Amino acid sequence: MPELPEVEAAAQRLREAVLGQTIASVTVTHPALRRALPAAGQRALLGARLTRIDRRAKIQLLHLSDGAVLEVHFRMTGDWDIGVANDPAPAHERARIVTETGIRVSFTDSRALGIIRRHAPGTFTEPDVGPEPLTDAFTVEGFLATLARRSAPIKPVLLDQHVVAGVGNIYASEALWEARIHPATPARQLSKARVTRLRDAIRHVLSNAPAARYYGATPTASDDHTTDAETMWQVYDREGAPCTRCGRAIVRSVQAARSTYHCPRCQRA
DNA sequence: TGTGCCCTGGTA
DNA sequence: TACCAGGGCACA
């Protein structure tokens, strides 16, 4: 499940593969994706050069030489599969971009919830999301002020991308466990000390995510970070398993239609 | 502020 | 065979 570290790693792989190259062909095979990127939008990409690849929250932004911007969101299961032009289609390929040098970038997405959208030159505006958690923009003061305006439970508030950019369901549960905060605590009831702990925990879990080790590096085909992820989670998907801190069984609950995991002893209501 | 929907592979 | 997973959006 790609969250911020995984998306940054994917963007980095993309930069290394195709930055500066020109798009020679675009194929979109899934109907849902064709709705987001129709034939006219696909044709408009041809001949454009990839001048910059940014990431904001979980969104990848591919800037093109004609001023257009290609916005890519992996949602649940999206990923890049990079190879050469005449490779057979990888599993769950939904779209394929081939550059003039013959590099193939396939957008794979088993659940087909991901989105690729083209913004015509001059029409792109920055995503309306909160501060990047791993930058200095994510301050205790700002976080505290935002949470003070929210009466909802802290867990779903953390998933709101306006509050802090790029935190998803897994790392929200993990950060709350690390900060010893019950997921149902109303956001505005959190003291400055607890907000500070939570901010530090968010930064800690994101920067220690398995994909974070790929920042600035290229993963190889033999790397299997899924296995690492499953063994490193403290609460996520561990219902009934002992808390690694106190031994009490981890509890699963549902908030805002999302699974939440917490330790009933370490994270008191 | 909460709920349902989009999607489909994996699991019970 | 039915149900569950969930990010982000539309809607009530």
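Lettering follows sequence order; numbering is per chain, from 1. Bear in mind the structure is a predicted one, so any value in this text is a computation, not a measurement.
- Separating the NE2 atom of A/His92 from the P atom of B/dT8 is a distance of 11 Å, rounded to the nearest angstrom.
- Residues from residues 149-167 of chain A that place a heavy atom under 4.0 Å from any atom of DNA chain C, listed by number: A/Gln161.
- Atom CG in A/Asp109 sits roughly 9 Å away from atom P in B/dT8 (whole-Å rounding).
- Between the CE atom of A/Met76 and the P atom of C/dG7 there is a distance of 6 Å, given to the nearest Å.
- Straight-line distance from the CG atom of A/Leu113 to the P atom of C/dC4: 17 Å, rounded to whole Å.
- Separating the CZ atom of A/Arg75 from the C1' atom of C/dG7 is a distance of 6 Å, rounded to the nearest angstrom.
- Looking at A/Arg55 and A/Glu6, no side-chain N of the basic residue comes within less than 4.0 Å of a carboxylate O on the acidic one, giving no salt bridge.
- When the side-chain nitrogen and oxygen atoms of A/Ser259 are compared with OP1 and OP2 of C/dA5, one or more of them lie within a distance under 4.0 Å.
- The nearest whole Å value for the distance from the CZ atom in A/Arg188 to the P atom in B/dT1 is 8 Å.
- When the side-chain nitrogen and oxygen atoms of A/His73 are compared with OP1 and OP2 of C/dG7, none of them lie within a distance under 4.0 Å.
- In this structure, A/Gln60 contributes its side chain and A/Ile53 its backbone to no donor-acceptor pair below 3.5 Å.
- The hydrophobic cluster containing A/Leu61, built from Ile/Leu/Val/Met/Phe/Trp/Tyr side-chain heavy atoms closer than 4.5 Å, also comprises A/Ile59, A/Val69, A/Phe124.
- Counting only residues at least two apart or on different chains, no ring pair (Phe, Tyr, Trp, His ring centres under 6.0 Å) pair has a member in residues 6-65 of chain A.
- Listed by chain and number, the residues in a salt bridge (charged side-chain N to carboxylate O under 4.0 Å, His left out) with A/Asp200 amount to none (sequence neighbours excluded).
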Which donor-acceptor pairs under 3.5 Å do the side chains of residues 133-141 of chain A make with protein atoms, sequence neighbours left out?
| unit_1 | atom_1 | unit_2 | atom_2 | d |
| --- | --- | --- | --- | --- |
| A/Thr135 | OG1 | A/Glu132 | O | 2.9 |
| A/Thr135 | OG1 | A/Ala137 | N | 3.2 |
| A/Thr139 | OG1 | A/Gly142 | N | 3.0 |

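- Taking A/Thr108 as the reference, nothing meets the side chain to side chain donor-acceptor pair (under 3.5 Å) condition, with sequence neighbours excluded.
- Between A/Ile116 atom CD1 and B/dC6 atom P there is a gap of 21 Å when expressed in whole angstrom units.
- Straight-line distance from the NE2 atom of A/His30 to the C1' atom of B/dC6: 10 Å, rounded to whole Å.
- Using a 4.0 Å heavy-atom cutoff across all strands shown, A/Arg117 reaches no nucleic acid atom at all.
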Ignoring hydrogens and angles, write down the donor-acceptor pairs under 3.5 Å from the side chains of residues 160-167 of chain A, residues two or more places apart or on other chains.
| unit_1 | atom_1 | unit_2 | atom_2 | d |
| --- | --- | --- | --- | --- |
| A/Asp160 | OD1 | A/His162 | N | 2.8 |
| A/Asp160 | OD1 | A/His162 | ND1 | 2.9 |
| A/Asp160 | OD2 | A/Arg150 | NH1 | 3.0 |
| A/Asp160 | OD2 | A/Arg150 | NH2 | 3.4 |
| A/Gln161 | OE1 | A/Gly166 | N | 2.7 |
| A/Gln161 | NE2 | A/Leu159 | O | 3.2 |
| A/Gln161 | NE2 | A/Val167 | O | 3.1 |
| A/His162 | NE2 | A/Asp128 | O | 3.2 |

Can you tabulate the close N/O pairs, meaning under 3.5 Å, that link protein atoms to atoms of nucleotides 10-12 of chain C?
none

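- For A/Tyr236, no side-chain nitrogen or oxygen approaches OP1 or OP2 of C/dA5 to under 4.0 Å.
- Here ring pair (Phe, Tyr, Trp, His ring centres under 6.0 Å) pairs that include residues 174-195 of chain A, with residues two or more places apart or in two chains, are A/His182-A/His262.
- Under the ring-ring contact (aromatic ring centres under 6.0 Å, His included) criterion, A/Tyr261 pairs with A/Tyr236, not counting sequence neighbours.
- Note on A/Arg52 versus A/Asp54: salt bridge recorded, some NZ/NE/NH1/NH2 to OD/OE distance being below 4.0 Å.
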Could you list, one pair per line, each protein nitrogen or oxygen that sits under 3.5 Å from a nitrogen or oxygen of nucleotides 3-5 of chain B, together with the distance?
none

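- Annotation: salt bridge (Lys or Arg N to Asp or Glu O under 4.0 Å) contacts involving residues 81-106 of chain A, sequence neighbours excluded, comprise A/Asp81-A/Arg104, A/Asp87-A/Arg104, A/Glu93-A/Arg96.
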